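To start, the structure under review is shown below, and the notes come after it.
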Protein chains: 2
Amino acid sequence: MIMNNFRMTPQRRIILEELKKTRKHPTADEVYHSVRKKLPDISMGTVYRNLEILTKQEEVQVIRNGGKKKRYDGNSTKHFHIKCTNCGRIDDLPENLVGLIKKNITVDCGYEITGYSLVLYGLCPDCKKKLGGK
Amino acid sequence: MIMNNFRMTPQRRIILEELKKTRKHPTADEVYHSVRKKLPDISMGTVYRNLEILTKQEEVQVIRNGGKKKRYDGNSTKHFHIKCTNCGRIDDLPENLVGLIKKNITVDCGYEITGYSLVLYGLCPDCKKKLGGK
DNA sequence: TATCAATTAGTATTAGTTACTATTACTAAT
DNA sequence: ATTAGTAATAGTAACTAATACTAATTGATA
């Protein structure tokens, strides 16, 4: 019998715990280092694999923020982020922000906003056709 | 005497031309291949360097779109993009889109929208302090 | 408790990008 | 025109984040 179940291993559990208890949106490498304090023998591959699995399970979300490293967010509810162009730090933003952006891109959240980018995801007309029967 | 001027070399000019005349938002590799039709000996490094320089000069903008490849856009005016989650293709969106997104994420542009992400850029409070005197 | 896919640590590989190196081309001031 | 100094180039090496591979181990289920 094929089991498509995921196991909750100690490694996976601790990776998730670390992500849930921080608001720092760490990179895979940062997760690796914080988890290693509790599991000194964990490997980078395990961290990457579990981050991917937890993302699929929607326990975690990935932030692709314009830099080359992915960042991971233990808060899986839909929300927006703001990134510091100097240090790369990422903070959460309240959900009503889109409206504020529309008029003037000025938000009183301590940041000095210099820009923003928006990317939608979806299927283009061609792919919709191709995948139509799926 | 230090000259901080950029030269408009044939390589740079043709790279820019190729970007201006397409709406396909090509990757560095795609730029390389289309430019090579006119300059068969151009090297990948030259393409990357010039894309970077043209971006600094704001002739071109970079699209970091959630994949690992950067894409380049010869249209340097502020606008938004939509990316196909299947084929990676990126199209332009009209600027009034942010408002539309706010209510319901349904846009009649042929795409089937499955999600979107928004990232603001700016200086966080800490960095503002650090760089205050600059 | 026997089974067997899922998971693991460790390592090798990949892919995109950037850095380096020796050479050539351009620019501005003699 | 010649020189001096910088920018740019082709080609290649190096880097880095992420993924793939491998043999051994784990742990949920029958």
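In the text below, chain A, chain B and the rest are named by the order of the sequence lines, each starting its count at 1. Values in this document were obtained by computation on a predicted structure and should not be read as measured data.
Distance CZ (B:Arg36) to C1' (D:dT9): 16 Å, rounded to an integer number of Å. Straight-line distance from the CD atom of A:Glu30 to the P atom of D:dA17: 11 Å, rounded to whole Å. Rounded to whole angstrom, the span from the CG atom of B:Leu51 across to the C1' atom of C:dT17 amounts to 12 Å. What separates CD of B:Glu52 from P of C:dT17 is a distance of 12 Å, to the nearest Å. Here the C1' atom of nucleotide D:dT19 and the NZ atom of A:Lys56 are 12 Å apart, to the nearest Å.
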- Task: Take A:Thr9 and A:Thr46 through the side-chain contact (heavy atoms from CB on, under 4.5 Å) test and state the conclusion after the steps.
- Result: CA-CA 11 Å; A:Thr9 62; A:Thr46 299; over 6 Å; no
- Task: For each nucleotide in nucleotides 7-16 of chain C, reading 5' to 3', give B when a protein heavy atom comes within less than 4.0 Å of its base, S when such contact involves only the sugar-phosphate, and - otherwise.
- Result: SBBB-----S
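Using a 4.0 Å cut-off between charged nitrogen and carboxylate oxygen, A:Lys38 and A:Glu18 count as a salt-bridge pair.
Within the helix from C:dT1-D:dA30 to C:dT30-D:dA1, the inter-axis angle between the opening and closing five-pair segments is 30°, rounded to 10°.
In this structure, B:Arg71 contributes its side chain and B:Ile63 its backbone to no donor-acceptor pair below 3.5 Å. Of the possible donor and acceptor atoms, one in the side chain of B:Gln61 sits under 3.5 Å from a partner among the backbone N and O of B:Asn75. The closest donor-acceptor contact from the side chain of B:Thr22 to the backbone of B:Leu19 lies at 3.5 Å or more, if one exists at all. Using a distance-only test at 3.5 Å, with no hydrogens or angles considered, a donor-acceptor pair links the side chain of A:Lys20 to the main chain of A:Glu59.
A:Tyr48 is connected to A:Val62 through a chain of hydrophobic side-chain contacts under 4.5 Å among Ile, Leu, Val, Met, Phe, Trp and Tyr, so both are in one cluster.
For A:Arg23, the CZ atom is loosely surrounded, since the number of other residues' heavy atoms within 6.0 Å does not exceed 12.
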